[in-house]
Amino acid sequence: MNYTIKKQGDCLVVALSGEVDVSVTDSLREDVDRALVNFGTGNILFDLSGVEFMDSAGLGVILGRYKKLRGQGGNVYLAGAKPQVKKVLELSGLLRLMEEYPTAGDVLGKIG
Amino acid sequence: MNYTIKKQGDCLVVALSGEVDVSVTDSLREDVDRALVNFGTGNILFDLSGVEFMDSAGLGVILGRYKKLRGQGGNVYLAGAKPQVKKVLELSGLLRLMEEYPTAGDVLGKIG
Amino acid sequence: MNKAVLEFSSRAENVAFARVAVAAFASQLDFTLSDLEEIKVAVSEAVTNAIVHGYGNKPENMVRLELTIQEEYLEIKVIDRGKGIDDVAKALEPAYSTDPERMGLGFSFMQSFMDRFAVDSQPGRGTRVIMSRKAGAPQKAAVPDQ
Amino acid sequence: MNKAVLEFSSRAENVAFARVAVAAFASQLDFTLSDLEEIKVAVSEAVTNAIVHGYGNKPENMVRLELTIQEEYLEIKVIDRGKGIDDVAKALEPAYSTDPERMGLGFSFMQSFMDRFAVDSQPGRGTRVIMSRKAGAPQKAAVPDQ
Ligand SMILES: Nc1ncnc2c1ncn2[C@@H]1O[C@H](COP(=O)(O)OP(=O)(O)O)[C@@H](O)[C@H]1O
Ligand SMILES: Nc1ncnc2c1ncn2[C@@H]1O[C@H](COP(=O)(O)OP(=O)(O)O)[C@@H](O)[C@H]1O
């Protein structure tokens with residue numbers, strides 16, 4: 001599991017790859033929260049196109065960031081989930097809270 | 001692990017794929033020996049281009065067929081081994097007994 | 001019948017090991033790749049629970065998996081000797097979690113992705129999750145009915 | 001330190017399971033893909049020996065693997081409670097086999113692909129192969145020196 005975090009416009013783009021489980025969620029959560037403060041952005045885009053596996057630990061990081069940003073008027077977007085990842089996103093109910101797009105470019109085009 | 005056995009010219013072409021270990025060597029050995037009888041061929045070409053893993057059980061099938069055919073004036077050729085397979089072929093000494101070519105076509109072109 | 005037992009340190013990096021090992025064992029049955037992905041999620045949730053809740057993330061304990069293949073069935077037991085669950089019925093409720101950073105969906109995912117599911121827990125003694133899935137069986141309804 | 005134990009039925013189809021599981025555990029260290037291929041060959045040879053020689057291909061026995069990661073070292077023990085080896089020195093000779101269809105190279109491959117290697121066997125009681133490899137260590141000479 002690897003991730004990169006960068007700012008594009010008013011959006012923090014968090015690109016995840018590999019397997020997202022409890023072995024990485026603590027550091028991922030801390031790094032995203034720190035970047036939110038440092039970059040002063042109000043939205044997050046999780047680019048999931050490189051994710052091969054995600055369980056509820058990974059979903060918990062996404063939902064936690066969503067709750068935090070919604071409280072401040074920001075938003076969380078999802079992009080590029082593969083079928084196996086989309087299945088857990090759907091089953092968890094996250095797709096009823098957040099918008100999901102085929103690619104990161106789709107999201108940036110829309111909100112940029 | 002899958003394999004196909006067919007005759008081309010005076011050569012039995014045995015194309016292996018996947019992982020060649022003790023779980024398949026008994027049936028592979030029997031099928032090759034039966035095909036040698038049925039097709040009445042004097043040479044075998046093992047096409048290893050699809051093999052992802054081979055241990056000494058797989059090498060044993062090759063060496064066994066080599067001993068058998070050499071006794072009858074025939075020969076065994078190897079083709080297409082990936083680096084990890086080539087390593088065990090070398091280490092076992094089989095490459096000092098048999099010729100190994102980049103592709104099955106190279107062998108058939110030479111002996112055909 | 002084919003059996004395998006795995007026991008490993010209660011470390012977060014072993015969750016991936018458990019997933020891969022179970023998928024490798026399960027692949028002896030006629031599961032599709034999508035089935036195997038679902039089984040991996042169920043295993044990941046149960047093993048994570050053992051490590052995080054059962055053992056409170058202390059790495060020196062052992063998590064035990066017992067795998068059985070019988071006819072078309074894969075059975076998976078995930079066992080810890082950790083703190084146990086006081087109220088199993090409550091723990092099984094979707095979105096219930098004792099940890100605010102977690103989703104409370106672990107048990108729901110196990111139930112969604114496996115054909116049979118049961119939890120047996122004794123406070124102070126540990127937890128045993130038993131789940132099984134039939135190769136080739138259709139996936140159950142997405143919403144767990146527990 | 002990270003530990004894992006695998007125990008499984010002495011069936012030929014579990015040799016692949018053992019390889020995949022060991023590689024998944026080993027991948028926590030900094031091994032290259034080529035290193036992992038070599039470790040898989042060593043595991044495959046030792047587990048095959050336990051099933052074929054130790055248990056004479058009878059499927060109802062159990063093979064045990066004990067895996068330990070400590071600092072940069074992976075240690076693998078492969079244990080059977082089968083028939084044991086009468087003359088270990090002879091068994092270690094390259095090309096020596098008690099089975100005419102086999103190469104007699106299993107122990108040579110284990111020695112070539114691992115940094116440390118030892119066999120401990122008692123006739124009638126079983127065999128224990130202990131091997132270890134350092135992550136990032138150069139491969140040993142191709143010709144085993146046993
Ligand atoms: N192995 C276990 N040992 C102790 N408590 C557990 C165990 N598994 C689950 N629990 C309890 O059940 C609750 C619900 O579990 P689950 O549905 O997997 O959600 P989550 O893990 O996200 O909290 C947990 O929050 C925890 O309190
Ligand atoms: N686990 C074991 N139990 C009993 N005998 C064994 C075991 N492992 C190896 N041996 C004996 O040692 C010999 C050499 O083993 P090896 O070098 O792996 O070659 P091979 O397996 O090809 O025969 C075997 O033929 C067998 O007689």
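Just so it is clear: chains get the letters A, B, ... in the order the sequence lines come, proteins before strands, and each one is counted from 1. All values derive from a computational prediction rather than experimental measurement.
Within 6.0 Å of CD on B:Q72 lie more than 12 heavy atoms contributed by other residues, nucleotides or ligands. The number of heavy atoms from other shown groups lying within 6.0 Å of NZ (B:K6) does not exceed 12. Enclosure of atom NZ in D:K3 is not indicated, since only 12 or fewer non-hydrogen atoms of other residues, nucleotides or ligands lie within 6.0 angstrom. For D:D99, the CG atom sits in a packed shell: over 12 heavy atoms of surrounding residues, nucleotides or ligands are nearer than 6.0 Å. Around atom CG of B:L95, more than 12 heavy atoms belonging to other residues, nucleotides or ligands sit under 6.0 Å away.
At a heavy-atom cut-off of under 4.5 Å, chain D is reached by B:R29 from residues 28-35 of chain B, listed in order of number. Within residues 54-68 of chain B, the residues having any heavy atom less than 4.5 Å from a heavy atom of chain D are, in residue-number order, B:M54, B:D55, B:S56, B:A57, B:L59, B:G60, B:L63, B:R65. At a heavy-atom separation below 4.5 angstrom, chain D is approached by no residue within residues 98-106 of chain B.
Under a 4.0 Å N-O distance rule, the pair B:K87/D:E37 does not qualify as a salt bridge.
For residues 21-73 of chain D, the set of pairs meeting the ring pair (Phe, Tyr, Trp, His ring centres under 6.0 Å) definition, not counting sequence neighbours, comprises C:F17-D:F25.
Proximity to chain D (any heavy atom under 4.5 Å) is restricted, for B:E52, to the backbone atoms N, CA, C and O. Of the two parts of D:V47, neither the backbone nor the side chain holds a non-hydrogen atom closer than 4.5 Å to a non-hydrogen atom of chain B.
Between D:R19 and B:D21, some side-chain heavy-atom pair lies under the 4.5 Å cut-off.
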Given the rule in the side chain to side chain contact (heavy atoms under 4.5 Å, CB included) test, do B:V22 and D:I51 qualify, once you have shown the distances and angles that lead to the verdict?
CA-CA 10 Å; B:V22 69; D:I51 295 172; 5.8 Å; no
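Chain B forms more heavy-atom pairs under 4.5 Å with one residue of D:R102, D:E13, D:K40 than with any other, namely D:K40. For the set D:A12, D:P100, D:G106, the entry with the most heavy-atom pairs within less than 4.5 Å of chain B is D:A12.
One distance of note links CG of B:L94 with CE of D:M103; it measures 4.5 Å at 0.5 Å rounding.
Between D:F109 and B:V88 the shortest heavy-atom distance is CZ-O, 3.8 Å.
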